Amino acid sequence: QAKRAGGNGYAFFTATLTRIARERARLEHELRRAIRDGELLLHYQPQVSLSDGALVGLEALVRWQHPQHGLLPPGRFIPIAESSGLTLTLGEWALHEACRQARHWLDAGIAIGRMHVNVAHAQIQRGALYDTTQRILAETGLEAHHLGLEITEGVVMEHDTEVIAELERLRAEGISLSVDDFGTGHSSLARLKELPVDLLKIDRSFVNELDTQGQDRDIIRAIIALGEALGQEILAEGIETRAQALLLRQLGCRLGQGYLFARPLAPEALPDWVVTRKGPA
Ligand code: C2E
Ligand code: MG
Ligand code: MG
Ligand code: MG
């Protein structure tokens, strides 16, 4: 077919684009249906104190239980949601489900600490995050001090005074704000100082090679010093080995999260983990 079109690959290119567009439209349609039919679910990853292993909070991570493809990680469908205007629907669903689950666990006497929910760019841009959050807290009966929102560094950095005002209102209610994947974006220190943020989450990429790369150690040391200067807590994500946990603790990092402590857990598995968890790594 492409050859007949003159061998310049143009027809082939067009056919490929058409195929990609169709595939995308199909996935978008499927995702819409999945949200409606309740195929999305949240897994929960514990966040712990590095000194004694105590559970301090959970991070809610969305999954798609796809009828044909099995359990899909967010990397497979969040981009589709973002390019098809489903981000707000997905974001609201996740926030509601995480708050509902947190309320349920707290009522059952399971001390989960704070429930952290990832928030996408578009959710903040529209300026409706405060109202949505207030409504969901009221609907689920969760207290604001049990909720935290995780915002990626890029989002937090590029925005204007309106966004800062919105974040300040959320924080004034007692909701904790974290900067996710910290160190991968382009933070300006001046900007960081203005931000109403409680916690910096050191990106997994710096933790990965902590035991082998001296440079990463220096970066982490710098982030911890920065957090101290700005009065922000530091949490290291993606901790997989005891050596990493130990080094982070020695560097002065108080909080951590990663496969060493627990993978993201299905809600059915979480209570058992809380009851039987071990002490410091
Ligand atoms: P994130 O918020 O930075 O979440 C951490 C990711 O690292 C999760 O991947 C988690 O499973 C993974 N992880 C945790 N500990 C370890 C470890 O020790 N080693 C390794 N290799 N990985 C670890 P996941 O669940 O695939 O989520 C990927 C990203 O998708 C999240 O990154 C977040 O940006 C986004 N995401 C997840 N749920 C939501 C949601 O409800 N809303 C929005 N907007 N984004 C979400
Ligand atoms: Mg996160
Ligand atoms: Mg992260
Ligand atoms: Mg990350």
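Values in this document were obtained by computation on a predicted structure and should not be read as measured data. Just follow the structure's listing: the first ligand is 1, and inside any ligand the first atom is 1.
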Student: A quick test of your reading: do over 12 heavy atoms of other residues, nucleotides or ligands sit less than 6.0 Å from CZ of Arg254?
Tutor: no
Student: Identify, by atom number and element, the atoms of ligand 1 in contact range of Glu240, meaning under 4.0 Å from any of its heavy atoms.
Tutor: 17 (C), 18 (O), 19 (N), 20 (C), 21 (N)
Student: Check each atom of ligand 1 against the heavy atoms of Gln45 and keep those under 4.0 Å away; list them by number with element.
Tutor: 14 (C), 15 (N)
Student: So if I count the atoms of ligand 1 from 1 in the order they appear, which ones are less than 4.0 Å from some heavy atom of Glu237?
Tutor: 3 (O)
Student: Nearest heavy-atom pair of Val207 and Ala236: which atoms, and what distance?
Tutor: CG2-CB, 4.0 Å
Student: Are the side chain of Arg277 and the backbone N or O of Val274 linked by a donor-acceptor pair below 3.5 Å?
Tutor: yes
Student: Quick check on Gly91 - does any of its heavy atoms sit under 4.0 Å from an atom of ligand 1?
Tutor: no
Student: How many angstroms lie between atom CG of Leu177 and atom CG of Leu147, to the nearest 0.5 angstrom?
Tutor: 9.0 Å
Student: Without swapping roles, check the side chain of Glu97 against the backbone of Trp93 for a donor-acceptor pair under 3.5 Å.
Tutor: no
Student: At a 4.0 Å threshold, what atoms of ligand 1 neighbour a non-hydrogen atom of Ala120?
Tutor: 44 (N)
Student: Could a heavy atom of Gly238 be found less than 4.0 Å from some atom of ligand 1?
Tutor: yes
Student: With only distance considered, is Ala60 within less than 3.5 Å of ligand 1 through an N or O on each side?
Tutor: no
Student: CG of Leu251 to CG of Leu210: how many Å apart, nearest 0.5 Å?
Tutor: 6.5 Å
Student: Looking at ligand 1, does Gln257 have a heavy atom less than 4.0 Å from it?
Tutor: no
Student: Take the Mg ion (ligand 2) and tell me which protein N, O or S atoms are nearer than 2.8 Å.
Tutor: Glu59 OE2, Asn118 OD1, Glu150 OE1, Asp180 OD2
Student: For side-chain hydrogen bond (donor to acceptor under 3.5 Å, both in side chains), just list the numbers for Glu59 and Gln45, CA-CA rounded to whole Å, side-chain angles, deciding distance to a tenth of an Å, and then say yes or no.
Tutor: CA-CA 5 Å; Glu59 177 176 4; Gln45 189 175 36; over 6 Å; no
Student: Report, in ascending order of atom number, the atoms of ligand 1 lying under 4.0 Å from any heavy atom of Ala94.
Tutor: 41 (O)
Student: Measuring from atom 25 (O) of ligand 1, which candidate in Arg263, Arg63, Glu97, Glu59 has the nearest non-hydrogen atom?
Tutor: Arg63
Student: Check the surroundings of atom CD in Gln250: do more than 12 heavy atoms from other residues, nucleotides or ligands lie under 6.0 Å from it?
Tutor: yes
Student: Are there over 12 heavy-atom neighbours, none belonging to His145, within less than 6.0 Å of that residue's NE2?
Tutor: yes
Student: Where does His43 meet ligand 1, judged by heavy-atom distances below 4.0 Å: at the side chain, the backbone, both, or neither?
Tutor: neither
Student: Taking all heavy atoms of Arg204 and all of Gly238, pick out the closest pair and write down the distance.
Tutor: CD-CA, 3.6 Å
Student: For the residue pair Ser83 / Arg24, report whether a side-chain donor-acceptor contact shorter than 3.5 Å exists.
Tutor: yes
Student: Do NZ/NE/NH1/NH2 and the carboxylate oxygens of Arg100 and Glu139 come within less than 4.0 Å?
Tutor: no
Student: Have a look at Asp181, Val207, Ile78, Leu260 and point out the one with the heavy atom closest to atom 35 (C) of ligand 1.
Tutor: Ile78
Student: My understanding is that a hydrophobic cluster links ILVMFWY residues whose side chain heavy atoms are under 4.5 Å apart, including indirect links. Using that, what else belongs to the cluster containing Leu235?
Tutor: Val56, Leu199, Leu255
Student: Could you list the atoms of ligand 1 found under 4.0 angstrom from a heavy atom of Gly258?
Tutor: 15 (N), 18 (O)
Student: Below 4.0 Å, non-hydrogen atoms only: which portion of Asp180 touches ligand 1? Side chain, backbone, both or neither.
Tutor: side chain
